[in-house]
Amino acid sequence: MGSGKSTAAGEVAQALGAQALDSDRLLEERLGHSLAEEFTSNGEAVFREREEALVLELLGAAGPGSVLALGGGSVLSERVRAAAGKHLVVFLDIDAQVAWERVRAEGLERPLARNKLDFLELHAARQPLYEELADATLPAGQPGVAARALPALSMLSQMPEGTRMLWASAASGAYPVLVGRGLLRDDTPSRELSAWSLSSRASPRTRARSRAFCVSDKTVSALYGQRLGELAATVVIAPGEEHKTLASAEHIWRELARAGMSRADHLVALGGGVVGDLAGFCAATYQRGVPVVHLPTTVVAQVDSAYGGKTGVDLPEAKNYVGAYHQPAAVLADPDALETLPTGEFNAGWVEVLKTALIAGGRLWRAVATGEKLSERMIYDCAHTKLAIVAEDERDAGRRQVLNLGHTIGHAIEAATGYRRYRHGEAVGLGLLVALELSGQRDLREQIRGLLEEHELPVGLEDASVAEVLDAAAFDKKRLSRSTGDGLVPALVLVEAPGAVKFGCEVPEDDLRRAVKELVSA
Ligand SMILES: NC(=O)c1ccc[n+]([C@@H]2O[C@H](COP(=O)([O-])OP(=O)(O)OC[C@H]3O[C@@H](n4cnc5c(N)ncnc54)[C@H](O)[C@@H]3O)[C@@H](O)[C@H]2O)c1
């Protein structure tokens with residue numbers, strides 16, 4: 001309710017030159033009175049029976065190009081869900097509170113929207129059903145979004161079975177995100193992949209002309225490079241964080257220039273977070289900006305770094321010190337690519353899943369807390385969580401800071417140990433333990449510690465003293481507060497419970513010292 005299904009269906013139908021059907025309106029016509037009256041006279045059970053019969057009829061008759069807006073409660077029926085599953089199902093995702101306000105503002109008589117608490121409960125109960133059924137999730141309340149996403153939606157049926165799509169939107173751009181096993185298979189035609197990747201922005205003519213130029217690292221290129229088929233050129237860098245530099249960026253820019261890349265073409269970033277950040281930065285700056293498609297191949301990249309548009313390189317003085325915001329044209333994540341990832345890399349990357357689960361709570365947290373193996377659903381949920389935050393605050397002015405959970409101290413630990421002792425994810429895991437100690441969440445801290453150990457991740461600080469970590473944290477804080485330029489002092493992200501995190505928490509130095517010390521006595 002309140003997500004704008006009828007409007008979105010109308011927009012899509014118009015773009016397709018078809019007519020949208022609305023099950024609620026058709027049911028009212030068939031009954032000869034309003035749904036509210038039907039509820040009052042015959043009760044919900046009878047209403048649901050009639051609704052099910054009509055919706056099954058509509059879904060049975062629907063062919064290619066048909067557009068149906070389904071009543072929000074119709075998917076409570078298992079038979080409706082089975083029938084809808086044969087079609088492309090789009091879920092318009094709306095925040096419960098916003099939905100309530102919109103429904104009230106409409107002033108329509110809706111039998112299931114009379115009381116706020118009941119409404120919010122209903123929303124929470126139905127949400128998992130919608131998510132389960134949806135092939136694609138679009139943000140509600142953005143006029144025209146369904147029509148803009150239409151080319152990507154149309155390509156979705158040609159993607160490997162089980163592929164799901166999210167529509168990412170941020171202040172500076174919107175793009176499709178696909179998560180599906182087999183997206184990087186040899187038989188996914190590269191021209192289609194390229195065309196698809198630009199589908200949300202470019203006209204069909206531009207898409208047909210745009211050539212793909214790839215940036216990858218040596219390891220990933222050897223494993224997956226040939227799967228991309230026809231590419232205008234590939235620039236390969238050496239793997240590792242030490243190559244996320246301006247020198248590598250210059251090498252890439254110059255290779256692209258030599259290969260004749262123009263603004264009509266696009267870049268494909270094939271690899272982990274290092275390749276993604278570097279290629280994204282090159283795409284943001286080459287000829288003042290060309291589109292970039294991310295094909296992330298590590299856990300870090302598939303659950304975090306490929307989304308949100310932060311790109312950049314390291315300086316010898318500090319990590320990620322030079323960069324730009326440049327939203328991707330598309331992200332295609334194939335979880336099968338993670339099978340070749342070394343265990344140590346996989347586990348370190350899994351810490352970003354843990355962090356995201358603490359921020360998101362709900363289904364993602366339950367999956368992580370019960371030790372579920374990383375699934376495409378969890379990757380999708382991580383992407384969804386991050387994208388919802390970025391949609392609210394692309395440039396880190398507020399809520400996006402929650403994504404730094406565990407990172408402030410994690411970075412300090414990395415710096416204090418000279419970036420050699422711990423992988424980034426391992427240091428973030430230690431940072432999470434410090435954040436939970438400071439949050440006064442002893443039980444949760446123990447739970448997280450257990451999960452880290454299960455993933456063979458470190459739970460104690462080695463090769464650096466508490467003072468060295470505090471010094472590094474103080475340095476980080478100084479450089480960050482100066483860089484914001486508005487007197488804002490960035491502080492820690494703390495956890496009240498899974499799903500409830502607060503950013504900007506000032507912490508007394510003594511408390512911080514004690515919390516870091518806990519890592520030494522671990
Ligand atoms: N932009 C953002 O929002 C953001 C967010 C988080 C992290 N990051 C950045 O991400 C980087 C870390 O990313 P990462 O952990 O992916 O590191 P990475 O890109 O260095 O990849 C790790 C290693 O795995 C190899 N590899 C990648 N995919 C593989 C595969 N499928 N099979 C086998 N080997 C594979 C790589 O060659 C590399 O040696 C850091 O630079 C960090 O700053 C950026």
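The model shown is predicted, which means the values in this text are computed figures rather than measured ones. Indexing begins at 1, ligand by ligand and atom by atom, following the structure's order.
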Give a yes or no on this: more than 12 heavy atoms of other residues, nucleotides or ligands lie within 6.0 Å of atom CZ of Arg258. yes
Hey, is CD on Gln97 packed in by over 12 heavy atoms from elsewhere, all under 6.0 Å? yes
Does a side chain donor of either His243 or Asp217 reach within less than 3.5 Å of an acceptor in the other side chain? no
Donor + acceptor pair across side chains of His407, Glu414 (<3.5 Å): no
Please check if the number of heavy atoms outside Arg254 that lie under 6.0 Å from its CZ is greater than 12. no
Is it the case that atom CD in Gln226 sees more than 12 heavy atoms from other parts of the structure closer than 6.0 Å? yes
At a 4.0 angstrom heavy-atom cut-off, what protein residues surround ligand 1? Asp217, Thr219, Val220, Leu223, Tyr224, Pro239, Glu241, Lys244, Gly272, Gly273, Val274, Asp277, Thr297, Thr298, Val300, Asp304, Ser305, Lys310, Lys319, Asn320, Ala337, Thr340, Leu341, Pro342, Glu345, Lys386
